[in-house]
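Just follow the structure's listing: the first ligand is 1, and inside any ligand the first atom is 1.
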Amino acid sequence: MDTRRALLDALESGPVSGPALAGDLGVSRAAVWKAVEGLREEGFTVESTEAGYVAPDDPGYCAAGIEFGLDAPYTVEYHEDLPSTNDRARVFAGEGAADVVVVADEQTGGRGRLDREWVAPGGGAWLSTVIRPDVAPAHAPRYTLAAAVATADACREAGVDARIKWPNDVLVGAAGANERSGMDERSGMDYRPESDDPSGGDGEAAGRGGRKVAGILTEMEGEADRVSWLVVGIGVNANIDAAALPAGATSLRAERGDDVDRRRFVARLLERFAELSADPDGILPAWRERSDTLGRRVRVETATGPVVGTAVDVEPPGALVVDTDTGRTRVHAGDCEHLRDADAV
Ligand code: BT5
C-alpha cells in the first residue's frame, strides 16, 4: 500500500503520529510529511495538532476526500473539469490500470450512448470506473445494471426515491413497478437470446412516468472469451438546477430542495457498485426490485425495428424480456420508452 493511502486509512481512526506511521510503514518521516502535503494540495486539509495529524472535519469533494473512509478497492482521480471522465478512464484502461475511478466536477464533452450529448455542468457527480472483471464479454451488461442499482441506492440514501428504467436510466417520480401487474410473469425463461441488436433509436430524456436523474454509459474492450477492461461511466445530476438540464431531466438538488454531500454520495455509490460487482448473482434480483420498467407497457427501439409489449423480466446478462402480440422476445439493446399507464395491462 502506498504511503498516501496508508495515511488516509490511519487518519480514519484518530490522530496519526508522523514518526509512528513512518515506523509502521518502514518509510522515512519525510515521506509521511510529503504524503500529508500531497493530501493538502488535493484539497484534503490535514491538520497538525500536538497529538499528531488529524483528518479535516469536512474532507471535501476531492480524490482524497472520496477515498477517505471508502469501503471499496478504488483509487480516485479528481478533476475540476474534463471533456469526459469516460475518455480519461479509457486512457487508464489502455495503460493497464484497474479499479481506478475518474471523477470530475464538470464535463465539457460528456457523452451518452450512441454519441449523444450528456449535459454535465459543475455540481454534478460525473464519474467513470475502470474495472477488469474476469468474465466473457457477453456478461458485460451486468455491470451496467449493477451501476444502475448502485446509483438508485445512493439516490435513495440521499432521500430521493429513484427507480431504474431499462437498461440504464435512473428516474425519479415514476410509479413503482410493484404497484403494477406483470411482476410475476417470469415463468418459462430459457435464457436463450432471440434477438441481439445493437443500440438504436433516438433517445428521449426521460420516457414516460419519470424524470431522468442519472444515466450510465459502459464501454468495453475484450477478446473473444474475456473482457479486457470495462469503463462504467455514471452521471448523476447532483447539485444542479433543473433549469440547466434538458427537458425531462431532474437533479438531486431539485428533488431534495437542498444540496447533497457529493463526497458521501459518490463514496456510497462506489461501495454499492463494488459490493454488487463482487456478487454477480445478486445483481439481477436487485435490479428487478428497483425496476420501473417491469410490468409496464414498453416500446423499445432496436436496430431492427420497434418491439412493443409488456416488459416482464430482465434475464442474464441484462436482456429485457417483452411479451408482444406475437409472443415473447428478448431485447439486448435499444432505447426503451414507457407507454402510457392507460395502455398498461
Ligand atoms: C446516457 O445516455 O444516459 C448515459 C449518460 C452517461 C453520462 C456519464 S457522466 C460520466 C461519464 N462520462 C461521460 O462522458 N459519460 C458518462 P443516453 O441513454 O443515450 O441518454 C442521453 C440523452 O439523455 C440525451 O440525448 C438527452 O436527451 C438526455 N440528457 C442529456 N444530458 C442529460 C442530463 N444531464 N440529465 C438527464 N438527461 C440528459
Taking only heavy atoms of Leu127, which atoms of ligand 1 are found under 4.0 Å from at least one of them?
-> 10 (C)
Go through the structure and list residues passing ring-ring contact (aromatic ring centres under 6.0 Å, His included) with Phe265, not counting sequence neighbours.
-> none
More than 12 heavy atoms of other groups within 6.0 Å of Arg29 CZ | no
Would Arg163 and Arg290 count as a side chain to side chain contact (heavy atoms under 4.5 Å, CB included) if you check the C-alpha gap in whole Å, the side-chain angles of each, and the deciding distance to 0.1 Å?
-> CA-CA 5 Å; Arg163 292 182 179 277; Arg290 292 154 183 78; 5.9 Å; no
State, without any angle test, whether Thr85 and Gln107 hold a side-chain donor-acceptor pair at a distance under 3.5 Å.
-> yes
Hey, which atoms in ligand 1 end up nearer than 4.0 Å to a heavy atom of Ile234?
-> 8 (C), 9 (S), 10 (C)
Gly110 heavy atoms, cut-off 4.0 Å: which ligand 1 atoms fall inside?
-> 14 (O)
Please identify which atoms of ligand 1 are closer than 4.0 Å to at least one heavy atom of Thr85.
-> 10 (C), 11 (C), 12 (N)
Among Lys165, Arg299, Arg116, the one residue meeting salt bridge (charged side-chain N to carboxylate O under 4.0 Å, His left out) with Asp335 | Arg116
Salt bridge (Lys or Arg N to Asp or Glu O under 4.0 Å) against Asp57, all qualifying residues, sequence neighbours excluded = none
Close-contact set for ligand 1 against Gln107 heavy atoms, below 4.0 Å | 9 (S), 10 (C), 11 (C), 12 (N), 13 (C), 14 (O)
In ligand 1, the atoms that come under 4.0 Å of a heavy atom of Leu245 are 34 (N)
Of the choices Val170, Val119, Val103, Asn237, which has the non-hydrogen atom that lies closest to atom 35 (N) of ligand 1?
-> Asn237
Shortest non-hydrogen contact from His139 toward Pro317 = CA-CB, 4.0 Å
In terms of its nearest heavy atom to atom 20 (O) of ligand 1, the top option of Arg113, Lys165, Lys212 is Lys212
Using a strict 4.0 Å cut-off to heavy atoms of Arg111, name the atoms of ligand 1 that fall inside it.
-> 5 (C), 6 (C), 7 (C), 13 (C), 14 (O), 15 (N), 16 (C)
Region of Glu117 that comes within reach of ligand 1 [heavy atoms, distance under 4.0 Å] = backbone
Does a donor on one side chain and an acceptor on the other come within less than 3.5 Å for Asn86 and Glu219?
-> yes
Using a strict 4.0 Å cut-off to heavy atoms of Gly235, name the atoms of ligand 1 that fall inside it.
-> 8 (C), 9 (S)
Residue pair Met220, Val231: steps toward the side chain to side chain contact (heavy atoms under 4.5 Å, CB included) verdict | CA-CA 6 Å; Met220 177 181 89; Val231 167; over 6 Å; no
Report yes or no: does Ala120 have a heavy atom closer than 4.0 Å to ligand 1?
-> no
Does an N or O from Ser84, backbone or side chain, lie closer than 3.5 Å to an N or O of ligand 1?
-> yes
Leu114 near ligand 1, heavy-atom distance under 4.0 Å?
-> no
